[in-house]
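Note that the numbering runs from 1 along the sequence shown for the chain. Only a predicted model underlies this, so the values are computations on that prediction, with no experimental measurement involved.
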Amino acid sequence: MTTTLGSTAVPRQPVAKPSATRRRAGLLYGLSAYLIWGFLPLYFHALGAVPPLIILCHRIIWSALFMALVLSVTGEWSALRPVLRNRHKLLLLALGAFLIAVNWLIFIYSVATHQLLQASLGYFINPLLSVALGMLFFRERLRGWQWLAVTLAGVAVVNLSVRSSGFPWIALSLAGSFGFYGLVRKAVDINSLHGLMIESAFLVPVALVLLTLVPGAMVSAGTVGVLSLSGVLTAVPLLLFGAALRRLQLSSIGFLQYLGPTLQFLVAYSIFHEPLHRATLGSFALCWVAIAIYVADSLFYRHPQTLADEPE
């Protein structure tokens, strides 16, 4: 994110590095968040008998209730007032609510239909798509190696489209919905928990109506108990991720973000035994190369002197 300071020259201040204790705590919080996100398909797989739309409705409602409880305990309700008074931000959050609901529904559907590998590919593509969206909407400039990384991600999608049995709409829909969601949230600039609380508030009435209209919405009390866990599994990793952001440098977070789709890939292949065809494996390989190029470029660009000073 680029910050414009105006025409007045401002002396650069040294960036304070987090202490070793804070870094260890931040790493633990970050790893915990991505471990939950990585193994979340196991939870949705356990709910295989429940239609994806019904799972989505319960996830929205229970997430809203759990986050409302967290805001009540922490006394942070007042932090929502400035946003609630801003019509422009509310419209953006309403759009964000739609995008995240679409993202959640497609991901749940991918687990229910045994297409988690394609979902994992979508989340590998997402960071590179976000780079491209930043270029298009915020006029962010890409360096040469970043162009190569984004191009390779595009080739991975084309390869899967041409060589597989069908168009990879799940991967592209997940990457696109979450990429544009990040774009919207960047424009609002709000705390993750606060933003998701407002987004959930937009979605709760729709979820309640759907639960009264959609066939299969009536489930047993035991299933409702399992579905209620979706609120915890949605909010807790967000809280952990927020704690990690406050303690780690963004470069460290950049590495961690690939843990989630990597674990999803392993769950899909090793536990769900989804077939890994050559076309799919080729696309994953292209994405992994693209990610390696992008991460290496980011490291050398952000810390060229540090890397040069390291002993051989």
Side-chain angles (χ1 to χ4, degrees), residues 33-60 63 96 98-133 152-183 230 233-234 237-238 241 256-291:
Y34 281 104
L35 282 171
I36 294 173
W37 283 325
F39 288 111
L40 195 58
L42 295 173
Y43 168 75
F44 292 124
H45 183 72
L47 291 166
V50 183
L53 185 58
I54 303 305
I55 297 176
L56 173 68
C57 292
H58 277 273
R59 184 177 188 181
I60 290 168
S63 295
F98 169 76
L99 290 170
I100 199 62
V102 169
N103 184 270
W104 285 355
L105 179 60
I106 294 173
F107 184 75
I108 296 168
Y109 173 83
S110 74
V111 177
T113 57
H114 310 289
Q115 299 182 79
L116 182 58
L117 278 175
Q118 196 180 145
S120 171
L121 180 65
Y123 285 119
F124 274 119
I125 295 171
N126 171 250
L128 299 172
L129 175 64
S130 296
V131 171
L133 291 176
L152 285 174
V155 172
V157 174
V158 173
N159 173 70
L160 197 60
S161 301
V162 173
R163 297 181 60 198
S164 66
S165 58
F167 184 72
W169 70 271
I170 289 179
L172 290 178
S173 299
L174 287 174
S177 59
F178 202 71
F180 279 101
Y181 175 72
L183 200 68
S230 60
L233 292 173
T234 297
L238 272 177
F241 182 71
L256 289 176
Q257 71 177 324
Y258 300 109
L259 177 61
T262 299
L263 291 173
Q264 290 168 10
F265 173 88
L266 294 174
V267 167
Y269 183 68
S270 302
I271 299 177
F272 295 166
H273 303 294
E274 291 187 15
L276 185 59
H277 303 296
R278 285 187 178 181
T280 306
L281 182 58
S283 292
F284 270 108
L286 286 168
C287 274
W288 291 331
V289 172
I291 289 166

Would you say Tyr269 has more than 12 foreign heavy atoms packed within less than 6.0 Å of its OH?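 No - once you tally the heavy atoms of other residues, nucleotides and ligands closer than 6.0 Å, there are 12 at most.
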
Show the numbers, then the answer: is there a side-chain contact (heavy atoms from CB on, under 4.5 Å) between Phe180 and Leu129? CA-CA 9 Å; Phe180 279 101; Leu129 175 64; 5.7 Å; no

Locate the shortest heavy-atom distance separating [X] from [Y]; write the atom from each residue and the value.
X: Cys287; Y: Ala156; result: SG-CB, 3.9 Å
X: Leu276; Y: Leu281; result: CD2-CD1, 3.9 Å
X: Ile106; Y: Ser173; result: CD1-CB, 3.4 Å
X: Pro41; Y: Gly38; result: CD-O, 3.3 Å
X: Ala112; Y: Pro52; result: CB-CG, 4.1 Å
X: Phe167; Y: Gln118; result: O-OE1, 4.3 Å

Calculate, to the nearest 0.5 Å, the distance between atoms [atom1] and [atom2] belonging to [X] and [Y] respectively.
X: Ile108; Y: Leu105; atom1: CD1; atom2: CG; value: 6.5 Å
X: Leu35; Y: Leu40; atom1: CG; atom2: CG; value: 12.0 Å
X: Ile100; Y: Arg59; atom1: CD1; atom2: CZ; value: 7.5 Å
X: Thr234; Y: Trp37; atom1: OG1; atom2: CH2; value: 10.0 Å
X: Glu274; Y: Phe265; atom1: CD; atom2: CZ; value: 10.0 Å
X: Leu263; Y: Ile271; atom1: CG; atom2: CD1; value: 9.5 Å

Side chain to side chain donor-acceptor pair (under 3.5 Å) partners for Ser110, two or more places apart: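 Ser110: no side chain to side chain donor-acceptor pair (under 3.5 Å) contacts found.
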
Side chain to side chain donor-acceptor pair (under 3.5 Å) against Ser230, all qualifying residues, sequence neighbours excluded: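 Per chain and number, Ser230 pairs via side chain to side chain donor-acceptor pair (under 3.5 Å) with no residue.
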
Please lay out, stage by stage, how Phe284 and Leu117 fare under the test side-chain contact (heavy atoms from CB on, under 4.5 Å). CA-CA 9 Å; Phe284 270 108; Leu117 278 175; 4.3 Å; yes

Checking side-chain contact (heavy atoms from CB on, under 4.5 Å) for the pair Thr262/Phe124: CA distance, chi angles, key distance, verdict? CA-CA 8 Å; Thr262 299; Phe124 274 119; 3.5 Å; yes

Can you list every side-chain hydrogen bond (donor to acceptor under 3.5 Å, both in side chains) pair that touches residues 42-58, not counting sequence neighbours?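 Those involving residues 42-58 are His58-Trp62.
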
Between Trp104 and Phe107, ring centroids under 6.0 Å: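 Judged by ring-centre distance (under 6.0 Å), Trp104 and Phe107 do not meet the cut-off.
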
Quick one: are [X] and [Y] in side-chain contact, heavy atoms under 4.5 Å?
X: Val102; Y: Tyr181; result: no
X: Leu121; Y: Pro168; result: no
X: Asn103; Y: Tyr123; result: yes

Check whether Ser120 reaches the backbone of Leu116 with its side chain - one donor and one acceptor, N or O, closer than 3.5 Å.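 Side chain of Ser120 to backbone of Leu116: no pair is present.
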
Measure from the side-chain N and O atoms of Ser177 to the backbone N and O of Leu174, and report whether any donor-acceptor pair falls under 3.5 Å.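 Between the backbone of Leu174 and the side chain of Ser177 there is a qualifying donor-acceptor contact (under 3.5 Å).
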
Could you go step by step and tell me if Phe178 and Leu99 meet the side-chain contact (heavy atoms from CB on, under 4.5 Å) rule? CA-CA 7 Å; Phe178 202 71; Leu99 290 170; over 6 Å; no

